[in-house]
Amino acid sequence: MEGKLYKGQDYKTEFQPRDYLKTFYAFDSGTVAENEILKFNLNNLFETFSPGGIGGDILIDVGTGPTIYQLISACEAFQEIILSDYLELELQGVDKWLKKDPGAYDWSPAIRVCEGERMRWQEKEARLRRTVTRLLTCDVNQPHPLGSAQVPAADCVLSLLALEGACQDMDTYQAAIQNLVGLLKPGGHLVTSVALRCREYMVGSRKFFGLSLEKETVEKVLKCQYSPINYSEAQCINEGHCFVVAHKGPGA
């Protein structure tokens, strides 16, 4: 991958949500590797939020991006879901889906994967739309990622494939994890997914920075479920994935 590497403030001018969706969530035969990673995350999310698993009143999704797939299982386990992202433009795409805008991205293929042959995908869409209550801007590099927004402490904070692009080095990554933990009530859970050794990734024709994280490094901060699956080499340079579920102690 040659060309300029975008990072930090560049996201506000150079990141195009539609290009991102076409690159990683096209649901076609040309994105086999990306589809496998989506299934990996969907399966882990289903196990995490199934009955008897993690649930509660409030889930905060940090780094939502223009996607809703990460919430398909969670909407059955929580009474309220709050979405947040660094870019308002990303949230606008999600808002279109929530409002059934004719131009909204079609997430029914991902929902059908979760529902299998039960043909409940339309019911699941309706449930998810009812459960999402707020869309907020956020910055994981701030001690209070949601800024001045008045948000109750959450039972769960979810952040999938977001920190690698938001954090410039290991110190900021570890600080961001602590900032997310600060959004949790004692006894709550942090759920995240990490693309390991992700040095850069493509969004359309633009190349964006990715923080290269080792499995052993992530495990020093969080315990994780590892898979060797990678993105298509033309779209993202990475080596494996970790899915993480961490528990905040009662006295933390």
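Side-chain contact between Q70 and L161 is absent, with no heavy atoms from C-beta onward closer than 4.5 Å.
Among residue pairs with one or both ends in residues 153-196, those qualifying as ring pair (Phe, Tyr, Trp, His ring centres under 6.0 Å) are H189-H247; sequence neighbours excluded.
Minimum interatomic distance between V140 and A166 (heavy atoms only, all atoms of both residues): CG2-CB, 3.6 Å. Considering all non-hydrogen atoms of both residues, Y226 and E239 come closest at OH-O, 4.5 Å.
In this structure, D101 has no side chain to side chain donor-acceptor pair (under 3.5 Å) partners at least two apart in sequence or on a different chain. Partners of S50 by side chain to side chain donor-acceptor pair (under 3.5 Å), not counting sequence neighbours: none found. In this view, E214 and R197 satisfy the salt bridge (Lys or Arg N to Asp or Glu O under 4.0 Å) rule, not counting sequence neighbours.
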Run the side-chain donor-acceptor check on residues 77-84: report pairs under 3.5 Å with partners two or more places apart or on a different chain.
{"unit_1": "E80", "atom_1": "OE2", "unit_2": "T133", "atom_2": "OG1", "d": "2.8"}
{"unit_1": "S84", "atom_1": "OG", "unit_2": "D61", "atom_2": "O", "d": "2.9"}

Would you be so kind as to tabulate the donor-acceptor pairs closer than 3.5 Å made by side chains of residues 149-160, with sequence neighbours excluded?
{"unit_1": "Q150", "atom_1": "NE2", "unit_2": "S148", "atom_2": "O", "d": "3.3"}
{"unit_1": "D155", "atom_1": "OD1", "unit_2": "K185", "atom_2": "NZ", "d": "3.2"}
{"unit_1": "D155", "atom_1": "OD2", "unit_2": "D57", "atom_2": "N", "d": "2.8"}
{"unit_1": "D155", "atom_1": "OD2", "unit_2": "I58", "atom_2": "N", "d": "2.9"}
{"unit_1": "S159", "atom_1": "OG", "unit_2": "V62", "atom_2": "O", "d": "2.9"}

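The aromatic rings of F40 and F243 stand perpendicular to each other, their planes meeting at an angle above 60°, with 30° marking the opposite boundary.
Of the possible donor and acceptor atoms, none in the side chain of N230 sits under 3.5 Å from a partner among the backbone N and O of S232.
Note: Y86 and Y11 fail the aromatic proximity criterion, with ring centroids not under 6.0 Å apart.
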